[in-house]
Engineer: 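One structure is given below, represented as structure tokens, and several questions about it will come after.
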Amino acid sequence: MLLLAGCVAPLQTDGGSAAAPADGETPPNISVSGTGTASADADLALVSVTISALDSDAEAARSAVAEDSQAMFDALTDAGVDTEEAVTTTFFRISPEYDYSRDGGRELLGYRAAHGYQIEVTPEQAGDAIDAAVGAVSGDGENGIVVDGVQYTLTDETRADVRAEALENAVDAARADADTVAGAAGVSIAGVRTISTGADYNPYPQPRYAFEESADGASTVLQPGPVEVSATVTITYDIE
């Protein structure tokens, strides 16, 4: 999927033809911006989960989270996930939790321990990873696991290839606009004076969720869309 777009800065010339510049003067030029996009199927899924526990004792809450975390790691390993490479901590905290519903004060409910993880898997593994993690951690309303979200994106190698294609499309868009403006002004493009790139835009596609029946019950099925990369260039062309 390709999308080309461009915008043009004011033509810097003194009339219908470009005269040779005097010594020290900048030659007449045209500055244009072009945007190009390219897309590819996601080849990396980032699953975010949080395991938490509430207890009157902070150490007991921490211990409960540690036990549930180990159970999740074991289940992910059984599901074919290399936990040493694929699972990283995103945050860890232990903090008091209060009930503020009482008039004129607060009541300490206990201490909440929470450990956030990011699980990097292939898009095909994402549903199984969620099922394994959730199935391994029992919850009772105060303790358990929460799936914070799933992001589909590109590996560094794939992203570099897609970005290169987007940049090529952006340059083509900028040149097309420059040719149009130069032709309308009765001049021609002589060469590139400067070129720069802008920030890339890489939105995460939102997955669609479904459930697939199996012998053990319904399993999570995720359906990601393509990942689009957008790139912008600004080019100044000399004209003659």
Side-chain angles (χ1 to χ4, degrees), residues 1-48 85-86 88 90 118-124 126 148-208 222-240:
M1 176 177 69
L2 305 180
L3 171 65
L4 303 181
C7 59
V8 184
L11 175 66
Q12 299 181 14
T13 184
D14 295 327
S17 61
D23 291 344
E25 293 184 0
T26 301
N29 57 76
I30 300 172
S31 292
V32 298
S33 294
T35 299
T37 64
S39 64
D41 290 336
D43 59 355
L44 178 64
L46 307 177
V47 180
S48 299
E85 295 292 332
T88 55
T90 56
Q118 180 173 274
I119 307 166
E120 297 186 11
V121 292
T122 65
E124 295 77 18
D148 299 306
V150 182
Q151 292 179 329
Y152 284 92
T153 184
L154 303 173
T155 59
D156 290 342
E157 181 179 358
T158 302
R159 184 176 299 280
D161 292 340
V162 176
R163 182 176 184 272
E165 183 180 352
L167 284 170
E168 291 177 1
N169 296 333
V171 171
D172 289 344
R175 180 56 191 257
D177 279 351
D179 286 338
T180 299
V181 173
V187 296
S188 60
I189 301 296
V192 174
R193 174 168 291 273
T194 62
I195 184 169
S196 61
T197 61
D200 298 342
Y201 176 60
N202 310 306
Y204 289 108
Q206 296 300 315
R208 292 177 292 169
L222 304 174
Q223 299 171 303
V227 179
E228 184 178 273
V229 175
S230 177
T232 301
V233 297
T234 299
I235 306 176
T236 298
Y237 294 95
D238 288 336
I239 57 175
E240 59 184 11

Engineer: Which heavy atom in Leu167 sits nearest to a heavy atom in Val233, and how many Å separate them?
Structural biologist: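 Nearest heavy atoms, Leu167 then Val233: CD2-CG1, 3.9 Å.
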
Engineer: I'd like to check Thr234 versus Ile195 (side-chain heavy atoms, cut-off strictly below 4.5 Å). Are they in contact?
Structural biologist: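 Thr234 vs Ile195: side chains apart.
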
Engineer: What closest approach, in Å, do Val162 and Ala38 show between heavy atoms, and which atom pair accounts for it?
Structural biologist: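 Nearest pair, atom of Val162 first, then Ala38: CG1-O, 3.5 Å.
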
Engineer: Would you indicate whether the side-chain heavy atoms of Arg159 and Val229 approach each other to under 4.5 Å?
Structural biologist: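 Side-chain contact under 4.5 Å: yes.
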
Engineer: Sequence neighbours excluded, which residues qualify as side-chain contact (heavy atoms from CB on, under 4.5 Å) partners of Ala45?
Structural biologist: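 Partners of Ala45 under the side-chain contact (heavy atoms from CB on, under 4.5 Å) test: Val121, Ala126, Tyr152.
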
Engineer: With Thr236, which residues qualify under side-chain contact (heavy atoms from CB on, under 4.5 Å), at least two apart?
Structural biologist: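 Counting only residues at least two positions away or on another chain, Thr236 forms a side-chain contact (heavy atoms from CB on, under 4.5 Å) with Asn29, Ser31, Arg193, Thr194.
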
Engineer: Using 0.5 Å steps for rounding, measure from the CG atom of Asp177 to the CG atom of Asp172.
Structural biologist: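 Here the interatomic distance stands at 11.5 Å.
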
Engineer: We want to know whether Thr37 and Ser230 form a side-chain donor-acceptor pair, criterion being a heavy-atom distance below 3.5 angstrom.
Structural biologist: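 Short answer, no.
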
Engineer: Hey, what do you get for CZ (Arg163) to CG (Asp156), rounding to the nearest 0.5 Å?
Structural biologist: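 Between Arg163 CZ and Asp156 CG, I get 12.5 Å after rounding to 0.5 Å.
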
Engineer: Do Val181 and Val32 make a side-chain contact, defined as non-hydrogen atoms from C-beta onward lying under 4.5 Å apart?
Structural biologist: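 When only atoms from C-beta onward are counted, Val32 and Val181 do not touch, as no gap falls below 4.5 Å.
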
Engineer: If we only count heavy atoms from C-beta on, is the Leu44 to Thr158 side-chain gap below 4.5 Å?
Structural biologist: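 In short, these two side chains do not touch, never coming nearer than 4.5 Å.
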
Engineer: For residues Tyr237 and Ala174, report the shortest heavy-atom separation together with the two atoms involved.
Structural biologist: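 So the two residues come closest at OH-C, 4.1 Å.
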
Engineer: Answer yes or no: is there a side-chain heavy-atom contact under 4.5 Å between Arg175 and Asp179?
Structural biologist: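 In short, these two side chains touch, coming nearer than 4.5 Å.
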
Engineer: For a quick test of reading the model, state the closest non-hydrogen atom pair linking Gly34 to Ala173 and the distance between them.
Structural biologist: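 Reported closest heavy-atom pair: CA-CB, 4.3 Å.
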
Engineer: Do Glu157 and Asp43 make a side-chain contact, defined as non-hydrogen atoms from C-beta onward lying under 4.5 Å apart?
Structural biologist: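 They are not in contact (no side-chain heavy atoms under 4.5 Å apart), so the answer is no.
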
Engineer: Calculate, to the nearest 0.5 Å, the distance between atoms CD1 and CD1 belonging to Ile189 and Ile235 respectively.
Structural biologist: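 Taking CD1 in Ile189 and CD1 in Ile235, the distance rounds to 10.0 Å.
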
